[in-house]
Amino acid sequence: MLKLLSSSSSCLQARVLIPGHRLTYIIRLCSSISISESPSPQSINVPFISDLIAKQHWSELKTHLKDSTFITVLPQLIDSGADPELILRYFNWSQKGLNVPHNIEITCRLLLSLANTKKYPKMRSLLDEFVRRNEKHSISSIFHMLSLWSNQFCANSIIVDMLVVAYVKNSKTNLGFEAFQRAGDYGFRLSVLSCNALLSALVKEKEIGYVEFVYKEMFRRRIKGDLYTFNIVINGLCKVGKLNKAKDVIDDMKAWGISPNVVTYNTIIGGHCKLGGLGKMHKADAILKEMVANNICPSEMTFNVLIDGFCKDENVAAAFKVFEEMRRQGLKPGVVTYNSLINGLCCHGKLDEACGLQDEMLGLGLKPNIATYNVLINGFCKKKMLKEARELFDDIGDRGLVPNVITYNILIDAYCKNEMKEEAYAFHSMMIERGVFPNTSTFNCLIAGSFKQGNMETARKFLHQMEVKGLKADCITYNILIDALCKDGEPRKAERLLNEMFTKGLNPSHLTYNTLMDSYCREGNLNAALNLRARMEKEGKRANIVTYNVLIKGYCVREKLVAANELLNEMLEKGLIPNRTTYEIVKVEMMDKGFVPDIDGHLHNISSS
DNA sequence: ATAGGGTTAG
């Protein structure tokens, strides 16, 4: 409990009553650069000074005020009830001229007087400047000052609301989140506007845990979300594959009387297409039907998302069916539509058809963009038609387009994979010369290429170069390094890299674990492989087909056929469909050694029964 | 004054 006793221009006395104690403390709160030593600061002639500020007679003002009193003028101006805009003008001038750090107390008082006169744009720019200055003011000190100087919840809330937006706008999302959280402790009410801005920034930074926190907290604080709020949260959840939770949010919004719109549906359909797992396109199709049943008309974007999904699901035929349906509904396919289809055809090696489609889009007056070229170049590269890829690359400039980092990465990767490192390095230099900066992916291609050629030294050189350039190793970099060590028969060293990934906040993928398990299995260390499986599942990653293939093979080569068979059964029970590799392992390692399959595909050991 | 789509690297 705190009771205000008195306040001077720069100091504030308050009595602190600590519950359960009989003692009363008198504290003096002084701002950092206030001249608290002088008991009564020289008072100023407010009307006179105000007039000078209004006329912007700064040099005259400077001669009237001694240097040391600049900061004492502000509280007096505020106390006098002068026009807040006038005070702000003086504040900005003294700030610029003297470059003194922001004084929290003064800033908060100024914000409060601006809030009371509804000078919202001025408050926004003041807060923007405050946040941009990067001074290390703690959020709690700001909130504390606001509570000390005002008991108007409304004014305080508006300031805090704008503060959150200012942090988010200036890419200080973590501070925006902290302000959001503390606002709850202080009981300040935030608007849906600032919450949406915060949520949107958190989604962009893939901080989904925080997104979920803010979303739940909004309910708890009775901040009513709008259509944007729900769409942002749904998008965040879809991006990390939490599709069931995304569906729950759709139920939430309906419960709040907000109907999902075309964006909502496109987002959730896209989520299924990208990370839906088994039978994902069927689910995506079902959502499309639900959307139509709810009288939401699919847009060009809806079809684009579906077409791309089918292409990635290696079902180009279905993609073309959607393409036809799209035109039947009178929607015009755009460049993105064609890019998805061209990419789908390229991935199937159907380059002639892909080029034909490009001609078709040209005929429709659609201009290919750099992504169109990237998918085509990639198609040629994957078919080892590097000459044709190079020719396409040379066409880019004639089309008035500029190759981007992806274009270069595709070609560098292709040259590395085809043991043409001179060409790869030439493209690496070319991109730098042309001002396209290599990114982590560029180095991943170069590092992987070096390993492939057995050139450990070069790989290390690129890894070093990458760090020097301030580029951080990502999951794929680690996978490349882990793979190289594993191929070298060094799974223990590779596992150390796995540990390092966690310390760097990187999320190992199935592939990471599977690579390591395979390497342990090859040297017959089944326990180490099983430990890794346990670790992987502890991290929320269920064994996939490759995991089972690796482990089954591991048991087989150690002649533990019964254990291998148990794993095979486990895999079938979990609904994982054995692939060609599984079949080969089973045939060579098991069926040829006395196991026979029954009608369900389960194997039985005839020598034991 | 905020929400949704296409291209690279394991």
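What you see is a predicted model, and the numbers here were worked out from it, not measured in a lab. Labels below follow one simple rule: chain letters A, B, ... track the order of the sequence lines, proteins then strands, and each chain is numbered from 1.
Shown for residues 188-204 of chain A: residues whose heavy atoms fall under 4.0 angstrom of DNA chain B, namely A/Asn196, A/Ser200, A/Lys204. Within residues 502-516 of chain A, the residues that have a heavy atom under 4.0 Å from DNA chain B are, in order of number, A/Ser509, A/Leu511. Contacts of residues 479-497 of chain A with DNA chain B (heavy atom under 4.0 Å): A/Asn479, A/Ile480. Residues from residues 432-445 of chain A lying near DNA chain B, meaning a heavy-atom separation below 4.0 Å, are A/Ser441, A/Asn444, A/Cys445 in numerical order. Contacts with DNA chain B (heavy atom under 4.0 Å) in residues 160-171 of chain A: none are found.
Contact check for A/Asn374 versus A/Asn404: side-chain heavy atoms found under the 4.5 Å cut-off. Between A/Cys297 and A/Val262, every side-chain heavy-atom pair lies at or beyond the 4.5 Å cut-off. A/Met361 is listed as a side-chain neighbour of A/Val335, based on a closest heavy-atom distance under 4.5 Å.
Under 3.5 Å, the side chains of A/Thr515 and A/Asp518 contain no donor-acceptor pair of N or O atoms. A donor and an acceptor atom, one from each side chain of A/Asp128 and A/Ser125, are nowhere located under 3.5 Å apart. For the residue pair A/Asn235 and A/Thr267, no side-chain donor N or O sits within less than 3.5 Å of a side-chain acceptor on the partner. Side-chain atoms of A/Thr229 and A/Asp226 include a donor-acceptor pair closer than 3.5 Å. Defined by atom type and a distance below 3.5 Å, a donor-acceptor pair is missing between the side-chain atoms of A/Asn514 and A/Asn549. At a cut-off of 3.5 Å, with distance as the only test, no side-chain donor of A/Ser441 or A/Asn444 sits close to an acceptor on the other residue.
Taking atom NZ of A/Lys382 as the reference point, atom C1' of B/dT7 lies 11 Å away to the nearest angstrom. Protein atom CZ of A/Phe462 is 18 Å distant from nucleotide atom P of B/dA9, rounded to whole Å. Summarising the geometry, the separation between CG on A/Leu357 and C1' on B/dG6 is reported as 13 Å, rounded to the nearest angstrom. Distance, A/Lys417 NZ to B/dG10 C1': 8 Å, rounded to whole Å. Nucleotide B/dA9 holds its C1' atom 17 Å from the CZ atom of A/Phe427, rounded to whole Å. B/dA1 atom P lies 13 Å from atom CG of A/Asp226, rounded to whole Å. B/dT7 atom P lies 21 Å from atom CZ of A/Arg399, rounded to whole Å. Between the CE atom of A/Met253 and the C1' atom of B/dA3 there is a distance of 10 Å, given to the nearest Å.
For NZ of A/Lys254, the number of neighbouring non-hydrogen atoms (other residues, nucleotides, ligands) closer than 6.0 Å is greater than 12. Surrounding CZ of A/Phe502 are more than 12 heavy atoms belonging to other residues, nucleotides or ligands, all under 6.0 Å away.
With B/dG6, B/dT8, B/dT2 as the choices, the nucleotide that has an atom nearest any side-chain atom of A/Asn369 turns out to be B/dG6. Among the nucleotides B/dA9, B/dT7, B/dG6, the one closest to the side chain of A/Asn404 is B/dT7.
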Set out, in order, the CA-CA distance, both residues' side-chain angles and the distance that settles side chain to side chain contact (heavy atoms under 4.5 Å, CB included) for A/Val168 and A/Val165, then state yes or no. CA-CA 5 Å; A/Val168 170; A/Val165 173; 5.8 Å; no
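The side chain to side chain contact (heavy atoms under 4.5 Å, CB included) with A/Met431 is formed by just one residue from the set A/Thr442, A/Thr407, A/Leu411; it is A/Thr442. In summary, of the residues considered (A/Val164, A/Asn196, A/Ile223, A/Asp161), a side chain to side chain contact (heavy atoms under 4.5 Å, CB included) with A/Ser191 occurs for A/Asp161 alone.
The phosphate of B/dA3 has neither OP1 nor OP2 within less than 4.0 Å of any side-chain N or O from A/Lys239. The side chain of A/Lys452 contributes no N or O atom lying less than 4.0 Å from OP1 or OP2 of B/dA9.
Counting only residues at least two apart or on different chains, the side chain to side chain donor-acceptor pair (under 3.5 Å) pairs with a member in residues 171-180 of chain A are A/Asn134-A/Lys172, A/Thr173-A/Glu205.
No N or O donor and acceptor, one from the side chain of A/Asn374 and one from the base of B/dG6, sit under 3.5 Å apart.
The shortest non-hydrogen separation linking A/Pro508 to A/Met501 is CA-CE, 3.8 Å.
Figure legend: cation-pi geometry between A/Arg390 and A/Phe427 absent, as NZ or CZ is not positioned both under 6.0 Å from the six-membered ring centre and within 45° of its axis.
Residue-level contact check: A/Val405 touches neither bases nor backbone, having no heavy atom under 4.0 Å from any strand. Using a 4.0 Å heavy-atom criterion, one finds that A/Ile232 contacts the sugar-phosphate atoms exclusively.
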